[in-house]
Number of protein chains: 2
Amino acid sequence: MLSNACQYAIRSILYLGMCSDEKHKVGVKTISEELEVPQPFLAKLLQQLNKSHLVTSTKGPYGGFYLSDENKEKTVWDIILVIDGTDKFSQCFLGLSKCGDDNPCPVHFTVSAFKNKIFKDFKDKTVAQFVEEIKEKGRYISLKKFDVLGAASD
Amino acid sequence: MLSNACQYAIRSILYLGMCSDEKHKVGVKTISEELEVPQPFLAKLLQQLNKSHLVTSTKGPYGGFYLSDENKEKTVWDIILVIDGTDKFSQCFLGLSKCGDDNPCPVHFTVSAFKNKIFKDFKDKTVAQFVEEIKEKGRYISLKKFDVLGAASD
DNA sequence: ATATAAAAAGATATTTTTATCCTAAATTAA
DNA sequence: TTAATTTAGGATAAAAATATCTTTTTATAT
Ligand code: FES
Ligand code: FES
């Protein structure tokens, strides 16, 4: 459903949301290791996310990536829009040229119920809200045990 | 989520379920035109489905593809298994290396609810049952207006 | 100023998915 | 038996997704 690139992007942004800010930037190397994602690929991806104003970066020593306050108000939908585009989400699960209640394929109503639910989350909740929930409810964005508060708690 | 190949396969089999039997075989050309699917690609696909005993074929004039009674008792899950494999259905929506209730990603519970629902359909309902439902409830597997009963009603 | 660290940019490589083409084999009707 | 038709099989091509490598630019600390 989501491309690798898009999954990496979402997880990276949630990661940055959890343990970065203007004072605590994180390098590609760290992110790629923490999330177990190919490093050079992620570098390109972050470059693109930066251009799209979804993450912020600075070069040079002590540089790296972080989410500005503005970045944190973006939604997951914004990320998907930039990386994968959202076309395929409106497409029929079985590949019909049109997807809608008026010409439903055999799985249309099952699928569209799901879509509505998950899209609501993706469109309504900000990155900041997702991060809140991750911390409160104990959700995972990596199976590596990193200290959620480590980088931001000194 | 499903590859093009897999979508084509499912729709082709449902199509054959609707308007073929041992006495009424359908050629690749017809199927590809009715479902608006690339013909040579579909030919390969049907070959594979035949080898996997999901469709039946005969060569020569008056030959073509059809579903035997046995074929009609297969499930959509069987098709997915053969074409795409089912690995990706057990994988995490955000690409975590493990997906489960014990290490849920931020969208895990939303997604797994959906998976359970759609998988139940795919695993439990036979092709024959799907075809029943398509006819009863007026579902679509193509946006071309073909006569559902045409081929099988002479 | 200089050395260093980190992202940006551009070029390239690999893999997977999708699609096409050509020849062979089988079946049928005449 | 022959011509016609249709699937089977094998080779190849094109496109997209994924991944890597190298060089350049920018910022920092000393
Ligand atoms: S018509 Fe197939 S999912 Fe909507
Ligand atoms: S852990 Fe992500 S979908 Fe299950």
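Remember, it's a predicted structure, so these values are computed and weren't measured experimentally. Throughout, a chain's letter reflects where its sequence line sits, starting with A, and its residues are numbered from 1.
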| remark: When B/G63 and A/G27 are each assigned the nearest nucleotide of DNA chain C, the 5'-most assignment goes to A/G27
| said: Rounded to whole Å, please give me the gap between CD in A/Q47 and P in D/dT22. | reply: 17 Å
| note | In whole angstroms, the gap separating C1' of C/dA9 from CG of A/L45 amounts to 15 Å
| task | Evaluate whether atom NZ of B/K117 has more than 12 neighbouring non-hydrogen atoms of other residues, nucleotides or ligands under 6.0 angstrom away. | result | no
| field | A/L46 CG - D/dA19 P separation (whole Å) | value | 14 Å
| message | Does D/dA17 have its OP1 or OP2 closer than 4.0 Å to a side-chain nitrogen or oxygen of A/N4? | response | no
| query | How close or far is atom P of C/dA5 from atom NZ of A/K25, stated in whole angstroms? | reply | 17 Å
| Rounded interatomic separation in angstrom, taking CG from B/L42 and P from C/dT17 | 19 Å
| query | What distance do A/F93 atom CZ and B/C6 atom SG have between them, rounded to the nearest 0.5 Å? | reply | 8.5 Å
| query | Looking only at side-chain N and O atoms, does A/N50 come under 4.0 Å of OP1 or OP2 in C/dA7? | reply | no
| Any side-chain donor paired with an acceptor under 3.5 Å for B/T56 and B/N71? | yes
| message | If you compare every side-chain N and O of A/Y8 against the phosphate oxygens of D/dT18 (OP1, OP2), does one of them come in below 4.0 Å? | response | no
| said: Considering every strand and a 4.0 Å limit on heavy-atom distances, what is the contact class for B/P40: base, sugar-phosphate, or nothing? | reply: base
| Whole-Å distance separating the CZ atom of A/F41 from the C1' atom of C/dT14 | 13 Å
| query | According to a strict under-4.0 Å criterion, is B/T58 in side-chain N/O contact with OP1 or OP2 of C/dA26? | reply | no
| query | Given atom CD1 of A/I31 and atom P of C/dA6, what is their separation to the nearest angstrom? | reply | 12 Å
| task | Using a 4.0 Å heavy-atom cut-off across all strands, classify A/Y62 as base, sugar-phosphate, or nothing. | result | sugar-phosphate
| request: Select from A/Q39 and B/P61 the residue whose nearest nucleotide in DNA chain D is closer to the 5' end of that strand. | output: B/P61
| said: Using whole Å, what does the distance between atom P of nucleotide C/dG10 and atom CD of A/Q48 come to? | reply: 14 Å
| task | To the nearest 0.5 Å, tell me how far B/I13 CD1 sits from B/M18 CE. | result | 14.5 Å
| task | Let me know, please, whether B/S3 or A/S57 comes out on the 5' side of the other along DNA chain C by nearest nucleotide. | result | A/S57
| note | Residue pair A/L2/A/K59 against DNA chain D: nearer the 5' end by closest nucleotide is A/L2
| Which class fits the ring pair A/F119 and A/W77: parallel under 30°, tilted 30 to 60°, perpendicular over 60°? | tilted
| message | Could you check whether the side chain of A/K44 and the base of C/dA9 have a donor-acceptor pair of N or O atoms closer than 3.5 Å, going by distance alone? | response | yes
